[in-house]
Amino acid sequence: MNRFKASKFRHTEARLPRREAWIGGIRAGSITSCGNHVKASCRWIAFNGSPGVLRDQSLEKQQAQVKRCRHPARSGSPARGLTDLFLGLQVKVWRLPESGQDMPSNAGLTMGPGGGPVDMLQFHPTADGVLASGAGKRVTVWDVAQQQPLTALGSHEDQLQSLAWKRDGRLLGTSCKHASHAAFPAQPAAILTAMSLVPLQSVSGHENNKDSRLLWMGSSDCLISVGFSQMREREVKLWDVRQFSRAMLTVALDTSPGAAIPLYDADTGLLVLAGKGENLLYCFEAAPAQPALTQVTQCRTEGSTRGLAAVPRLALDVMACEVLRILQLTDTALVPVSYLVPRKDFHEDLFPDCAGMLPATSAQAWWAGDSQQVGRVSLHPARRPTETFTSPVIACTQLQAGSGYSSPSSLASPGSTATSLSASTGPSSGFASSPSQKSLQCILGPSSRFRHAQGRVLHRDTHLTNLRGLSLTTPGECDGFCANHQRVALPLLSAGGQIAVLELSKPGRLPDTAVPTIQNGAAVADLSWDPFDPQRLAVAGEDGHKIYSIRFHPVASDLLVSSSYDMTVRIWELSAGREVLCLQGHTDQIFSLSWSPDGKKLATVSKDGRLRLYEPRRSPKPEQEGPGPEGGRGARLVWVCSGDYLLVSGFDSRSERRILLYRAQALPDGPLSVLGLDVAPSTLLPFYDEDTSVVFLTGKGDTRVFLYEVTPEPPYFLECNSFTSNEPHKGFVFLPKTACEVREVEFARALRLGQSTLEPVAFHVPRVKKEYFQDDIYPPTRVWWEPALSGSAWLAGKDGQQRHASMRPADMTPVSEAPKEAPTRKFVPASVYLEEKSDEQKKEELLNAMVARLGNRDDPLPQDSFEGVDEDEWVGAGGGGGYDPCSRAVPSRPSPPPGLPQD
């Protein structure tokens with residue numbers, strides 16, 4: 001670009017597609033990493049979330065299919081056009097199948113361990129089977145075929161934030177949190193001795209240590225970096241590694257807080273920037289020779305950006321002058337955004353030859369010094385290359401029974417479920433139109449029947465307001481307050497461990513005077529209502545013997561378990577007022593404990609990162625131990641799926657909140673599934689509804705409640721709609737099932753504690769036939785308020801089982817017994833409207849429409865309905881009795897009324 005010559009991209013337009021062209025029905029993940037969260041090749045799209053890869057139907061004129069790998073991707077990259085590989089967490093390499101084959105159930109190769117969570121991956125641009133991964137402060141260059149590292153580049157002072165290969169493959173650029181950039185020599189054979197392990201050059205980049213990104217400008221010696229200035233402004237800098245001491249150009253963008261994701265097309269010089277969590281896309285033209293950065297266009301999208309990817313140039317619609325296509329990942333969709341130059345047909349100046357699909361060399365040859373470059377190919381439709389390449393890194397395998405590949409039950413076979421889509425391949429549609437929401441959900445995998453669940457705060461008349469002096473500093477092991485179907489207990493801030501006890505049946509504004517309280521005598525550590533006696537409240541205080549948490553036995557009466565600061569778990573018989581069992585084996589603080597639904601076992605999770613399972617009546621030592629959450633900030637656990645599984649909420653080593661699912665009989669094997677949610681300081685408090693298998697997760701100080709249906713089969717966690725409040729809650733406690741309003745299809749009710757209010761929140765499922773009892777949502781519920789046996793009987797070795805009762809009101813009919821309605825066609829077929837008509841038919845329809853507005857031609861004229869004078873009222877001029885039409889006739893005058901004078 002010359003500053004005295006107009007740019008050929010100056011009229012470039014960003015075109016947003018209609019919603020029909022979006023790839024919808026997806027759920028973007030909330031994994032915190034430095035990756036772009038979505039990558040695209042000429043055939044596939046890979047994205048974080050409910051992990052999936054989608055076929056680009058617009059290139060192959062085939063029926064679109066949506067497929068999913070069972071391995072959760074973390075900033076993974078599908079093969080960059082050279083191979084059919086898919087990268088995921090812990091550097092797993094996948095081969096995606098050809099059309100009509102099932103998805104692999106296992107990775108083809110696994111490389112590692114890599115020294116921590118892998119945040120970024122990038123294939124080598126010229127050599128097949130060379131991969132760079134970034135984890136922590138280290139960059140590792142792998143030989144994928146050998147599953148061994150070629151070298152490790154560890155001279156970074158802080159957390160890595162990005163890495164990028166130069167297009168010729170000779171240099172690798174990185175940026176790290178210490179706000180510096182480094183350029184590493186990629187080939188030790190071309191550079192002397194130990195230069196492979198230290199940076200060739202490094203420089204202080206952006207003055208703020210927030211997220212920064214780095215990109216090479218093609219094969220030139222110039223770099224683009226995006227970061228934040230000392231004044232927290234987002235900025236773009238151009239660098240020349242030959243003069244790496246200072247930036248060639250610095251351009252300030254704005255003051256938005258979201259980290260910018262940059263995408264650079266070396267063939268056109270176009271740079272696209274999008275901030276995470278924002279809906280604005282910038283497009284610049286970058287010229288390193290000037291240097292200059294000129295804004296071309298900007299556009300606003302409907303959804304906020306969660307990730308960004310560029311479609312390879314070989315996938316562009318060159319006949320429509322589409323010079324760039326971007327994929328924007330939002331919370332629920334992938335949106336293709338096309339950049340078009342207003343010209344027609346193919347133009348060589350807009351579409352120079354680009355890098356082809358065949359690698360120039362192998363991993364070992366490149367490591368030995370081979371620096372061949374990838375051949376360039378034409379983008380002209382008549383001169384497109386036809387040769388293809390399949391990497392030998394993972395051998396091609398015919399998908400047969402027992403071959404390690406499987407077709408999940410949630411994924412229908414391509415031949416039977418492929419949905420016919422529009423054949424439009426123009427830039428206005430981006431990728432081909434997605435299937436309907438229902439079809440897409442079927443292809444993506446199972447969805448929860450509670451996915452449309454809605455939470456709402458009940459009317460203000462049901463609130464308890466004017467709460468004063470609440471204690472908002474209860475320990476992390478405590479839920480903050482507790483409630484049963486009659487009362488709520490709230491710790492107060494006053495000295496002596498006072499607890500306010502309020503009746504739920506008496507909502508309204510509390511008086512400014514004192515409220516009913518009980519005096520605990522010491523600061524409250526935890527509190528719990530007895531499930532079998534609504535008038536008994538257990539309180540754990542810090543009066544000498546410090547207690548972490550307390551829980552009543554779910555089946556036997558008069559039994560209470562407590563965890564204490566001496567790292568023991570003690571079981572108490574309340575009727576006798578004595579300790580009966582003491583469980584040992586913990587080496588650090590006990591975060592949480594939970595009884596199994598049948599009351600036979602007790603599970604704990606502690607700060608030492610271990611999960612323990614006890615059978616208290618058999619041994620004081622743990623029956624099983626397994627790895628728990630990595631972080632030591634807090635954790636909770638709850639039994640799910642009829643007591644066969646354990647769900648644990650906690651943190652990872654980077655303070656990301658996550659939930660883990662364990663098989664209760666196989667704790668040493670580790671978690672079956674791990675799901676990252678978000679980054680927040682408070683521990684997630686789980687509540688599991690055993691009737692619906694829905695788990696609710698939120699933390700003290702949060703504004704959002706996560707909902708997931710837990711299943712014993714993959715994918716284990718089915719996401720449902722979350723509930724969001726306007727202000728943070730200090731506690732969120734669920735009421736017993738009997739508090740739900742069945743007629744409103746309410747399946748859970750909770751109490752939300754605000755700064756000075758206590759609000760009931762109802763979770764319900766939208767149903768059409770609410771006059772029927774929804775027996776698919778309300779199975780017989782456990783009679784939790786009746787003990788199955790006494791505490792002494794349980795201690796003696798006996799077991800009991802509580803009965804179940806139906807929640808159906810007597811005057812409601814189950815929906816399963818409702819009369820079946822005959823299906824009716826609700827919509828007129830599209831063929832009726834799309835039928836082609838001749839010109840004569842169109843003229844006739846237009847004429848008929850005009851006549852219809854004027855009126856019917858057969859209707860009588862208005863004057864035809866007027867009333868005239870009767871014939872006998874006309875008198876001829878000649879005095880004859882007949883009527884002469886040529887004579888002038890005048891009507892005879894009538895006689896005047898009686899009493900009036902005559903003429």
Give me the ring orientation class for Phe732 and Phe763: parallel if the planes are under 30° apart, tilted from 30 to 60°, perpendicular past 60°.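 Correct class here is perpendicular.
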
Is it true that the side chains of [X] and [Y] contain a donor and an acceptor less than 3.5 Å apart?
| X | Y | value |
| --- | --- | --- |
| Asp644 | Ser642 | no |
| Tyr548 | Ser562 | no |
| Ser655 | Arg633 | yes |

Does any non-hydrogen side-chain atom of [Y] lie less than 4.5 Å from one of [X]?
| X | Y | result |
| --- | --- | --- |
| Val524 | Ser471 | no |
| Leu751 | Val761 | no |
| Ser564 | Ile547 | yes |
| Tyr708 | Leu675 | yes |
| Val705 | Arg752 | no |
| Arg658 | Pro629 | no |
| Leu470 | Leu753 | yes |
| Val555 | Asp799 | no |

Is the distance between the ring centroids of Tyr614 and His586 less than 6.0 Å?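 Ring-ring flag for Tyr614/His586: true, centres closer than 6.0 Å.
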
Are Phe450 and Phe747 close enough that their ring centres sit under 6.0 Å apart?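 Centroid separation for Phe450 and Phe747: below 6.0 Å.
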
Can any side-chain N or O of [X] pair as donor or acceptor with the backbone N or O of [Y] at less than 3.5 Å?
| X | Y | result |
| --- | --- | --- |
| Gln624 | Leu613 | no |
| Lys601 | Gly643 | no |
| Gln589 | Gly632 | no |

So that I can tick it off, tell me whether Arg551 and Asp526 are bridged by a salt bridge, with the cut-off set at under 4.0 angstrom between side-chain N and carboxylate O.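 Salt bridge present between Asp526 and Arg551.
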
So, for [X] and [Y], which heavy atoms are closest and what is the spacing to 0.1 Å?
| X | Y | result |
| --- | --- | --- |
| Leu160 | Arg138 | CD1-O, 3.2 Å |
| Pro554 | Pro597 | CG-O, 4.2 Å |
| Tyr716 | Ser673 | CD1-CB, 3.5 Å |
| Cys482 | Leu527 | SG-CG, 3.6 Å |
| Thr568 | Gln584 | CG2-CG, 4.4 Å |

Applying ring pair (Phe, Tyr, Trp, His ring centres under 6.0 Å) between His553 and each of Trp784, Phe532, Trp794, report the one that passes.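 Going through Trp784, Phe532, Trp794 one by one, the ring pair (Phe, Tyr, Trp, His ring centres under 6.0 Å) with His553 is satisfied by Trp794 alone.
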
